[in-house]
> 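Before I ask anything, let me first share the structure, which is written out below as structure tokens.
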Amino acid sequence: MASVTEDIVIVGAGECGARAAMALREQGARGTITLVGDESLEPYERPPLSKAALTDDREPSPVTVCDRARFAHLDIAFERGVAATMLDRTAHDLVLADGRRLHYDKALIATGARARVLPVAGGHSILTLRTFTESVALRSRMTPGARVGVIGAGFIGLELAASAVTRGCQVTVVEIAASVMARVVPAEIAAIVEARHRDAGVDLRLGTGVEHVEHVDRPRPAQRLVLDDGTTVDCDVIVAGVGAVADSAVAAASGLTIDNGVRVDRYLRTDDPDIHAAGDCCSFPHPLYDDRRIRLEAWRNALDQAAVVARNLLGADEAFAAVPWFWTDQYELGLHIAGLPDAAVTNVVRVRADGATLLFGLGADGRLVAASGVAQGTAIAKDIRIAEMLIAQRTLPDPSALTNPAVTLKSLLV
Amino acid sequence: MATWIEACGADDVDAEDVIPFEHDGHPYAIYRSPADDYHATDGWCTHEQTLLKDGLVMGHIIECPKHNGRFDYRTGEGKGAPICVNLRTYPVKLEGGTLYIDVD
């Protein structure tokens with residue numbers, strides 16, 4: 001039985017690790033709490049890195065999740081700028097790269113994800129975006145008139161494209177799939193965003209892969225993207241947003257099961273009862289989707305899992321069942337998604353009086369399993385939030401009520 | 001010294017909902033509770049720069065539309081992560097079907 005006096009180490013000081021550390025104290029943990037992160041900055045929020053940190057006129061500073069004063073107030077030890085190597089599960093020690101050992105009774109792995117690297121010749125010159133430092137480096141290259149090549153038209157790639165356009169760059173996006181955001185966003189919604197990028201002057205090359213990258217001096221010095229359709233794009237800077245892979249190195253070195261990230265059960269426990277995992281690094285069975293094993297790379301999931309895992313580290317048995325939630329901001333548009341659109345067998349559309357489009361995904365049994373929408377700013381958020389509650393309630397809504405904008409979604413709540 | 005500003009008509013905001021109001025370049029959020037009493041807070045969420053006007057009102061809670069931070073709009077009290085700072089509230093009064101807010 002876990003006790004509130006146990007010593008807890010948290011590996012990874014991103015959104016999830018830092019939130020879990022704070023939540024542990026707020027939940028009454030009285031043992032030591034040590035947060036270990038390999039970056040030198042205090043824990044910060046990553047969503048702005050591809051958006052405001054690139055487009056704001058003033059020099060960006062990290063949006064801090066928890067600062068030094070709060071760590072001190074909550075009596076959380078923060079070991080920054082040091083990588084973790086493995087959990088010595090026999091000794092119950094976390095082994096650090098500098099050789100130190102930190103004893104634990106309970107451990108949380110919240111190591112997040114790493115940007116996937118494109119395996120092409122010449123690819124070493126391609127930038128990726130995961131950290132604040134990388135965002136600052138990218139910002140310095142996104143000068144007005146700069147030719148920016150973006151590989152990948154997922155959330156990150158398109159946010160980078162929109163930010164580069166906002167900064168006056170000339171932007172080309174190369175995407176191997178036939179449509180933008182194909183992996184997570186229904187086609188009807190993706191088409192609205194795609195059109196907005198074309199309106200903004202983005203040169204979108206869909207269904208096109210990258211063959212290799214080469215440095216050229218003529219007509220002027222550039223990194224040249226050579227594409228698989230034989231065309232080329234000369235760029236001053238190339239950045240890839242081609243997905244992320246779970247950072248499961250510490251878990252693997254500790255002998256824990258890896259299955260698209262650190263494998264955990266519905267209580268976010270690994271196969272060692274003293275080690276939990278949460279956030280982007282873990283895959284877990286989702287009870288709303290027939291216990292399908294999923295891994296989410298999302299700010300909201302990091303926050304939600306941090307709260308649940310903190311309670312479970314202190315002895316609770318709370319199954320994680322939050323509805324997946326994603327958003328992306330591009331130009332003036334805000335796209336929100338609740339649930340898993342790929343679990344839907346049919347979609348129904350609602351067009352609101354203000355022109356905003358909402359798409360509801362229904363499962364084979366008629367249950368609402370996903371909702372997505374796009375509108376100006378945060379104008380769609382409220383409807384998607386209510387849809388999230390309908391999904392959590394396993395509602396079987398009347399499709400004609402979903403399509404009829406005169407029926408408020410709130411009235412469908414149980 | 002109170003500074004009462006005319007904000008909106010009582011019927012401009014639905015029960016259990018929120019509307020935006022701006023005065024002197026400052027955004028406010030005006031709420032009507034399920035029991036038809038009225039409240040006002042700052043328009044910006046205290047977490048990051050997001051306006052609360054598009055947020056969901058459930059009972060006496062306003063939820064930020066971007067990061068789902070929650071506040072009790074009667075008191076401004078934040079209801080857990082990611083909120084660290086409470087929301088400022090403003091007195092309101094209803095006179096002849098018009099809602100006034102004390103912006104002092």
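Labels below follow one simple rule: chain letters A, B, ... track the order of the sequence lines, proteins then strands, and each chain is numbered from 1.
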> Can B/L56 and A/M389 be said to form a side chain to side chain contact (heavy atoms under 4.5 Å, CB included), step by step?
CA-CA 12 Å; B/L56 177 66; A/M389 290 188 253; 3.0 Å; yes
> Let me have the donor-acceptor pairs involving side chains of residues 96-104 of chain B, under 3.5 Å, with sequence neighbours excluded, atom names and distances please.
unit_1 : atom_1 : unit_2 : atom_2 : d
B/D102 : OD1    : B/T3   : N      : 3.0
B/D102 : OD1    : B/D104 : N      : 3.1
B/D104 : OD1    : B/T3   : OG1    : 3.0
B/D104 : OD2    : B/T3   : OG1    : 3.1

> Between B/Q49 and chain A, which part of the residue has a heavy atom less than 4.5 Å away: side chain, backbone, both or neither?
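Neither part, no heavy atoms under 4.5 Å.
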> Name the region of B/H47, side chain, backbone, both or neither, that has any atom closer than 4.5 Å to a heavy atom of chain A.
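The side chain, not the backbone.
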> Measure across A/A381 and B/P65 and return the closest heavy-atom pair with its distance rounded to 0.1 Å.
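Residues A/A381 and B/P65, closest heavy atoms: CB-O, 3.3 Å.
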> Considering only heavy atoms, which portion of A/E45 lies under 4.5 Å from any heavy atom of chain B: side chain, backbone, both, or neither?
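Only the side chain of A/E45 comes within 4.5 Å of chain B.
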> Find the distance between CZ (A/R385) and SG (B/C64) and round it off to the nearest 0.5 Å.
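Rounded to the nearest 0.5 Å, the CZ-SG separation comes out at 11.5 Å.
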> Please tell me if the side chains of A/E15 and B/P82 come closer than 4.5 Å, counting only heavy atoms from C-beta onward.
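They are not in contact (no side-chain heavy atoms under 4.5 Å apart), so the answer is no.
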> Taking non-hydrogen atoms and a cut-off under 4.5 angstrom, which of residues 327-338 of chain A neighbour chain B?
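Residues A/W327, A/D329, A/H336 are the ones that qualify, each having a heavy atom under 4.5 Å from chain B.
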> What are the two closest non-hydrogen atoms of B/N68 and A/R300, and how far apart are they?
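In this case the closest contact between B/N68 and A/R300 is OD1-NH1, 2.9 Å.
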> Side chain to side chain contact (heavy atoms under 4.5 Å, CB included) for A/T378 and B/T50? Distances and angles first, verdict last.
CA-CA 8 Å; A/T378 49; B/T50 301; 4.2 Å; yes
> Using heavy-atom distances under 4.5 Å, tell me whether A/L413 contacts chain B through its side chain, its backbone, both, or neither.
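The side chain, not the backbone.
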> Please indicate whether B/H26 has more than 12 foreign heavy atoms, meaning atoms of other residues, nucleotides or ligands, lying under 6.0 Å from its NE2.
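Counting other residues, nucleotides and ligands, NE2 of B/H26 exceeds 12 neighbours.
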> With a 4.5 Å heavy-atom cut-off, do B/M58 and A/I386 have their side chains touching?
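Result no, sub-4.5 Å side-chain heavy-atom pair not found.
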> Charged N to carboxylate O below 4.0 Å: is that the case for A/K382 and B/D17?
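Salt bridge between A/K382 and B/D17, a charged N being under 4.0 Å from a carboxylate O: yes.
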> Hey, are the side chains of A/P48 and B/E48 touching, using non-hydrogen atoms and a 4.5 Å cut-off?
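Yes, at least one pair of side-chain atoms sits under 4.5 Å.
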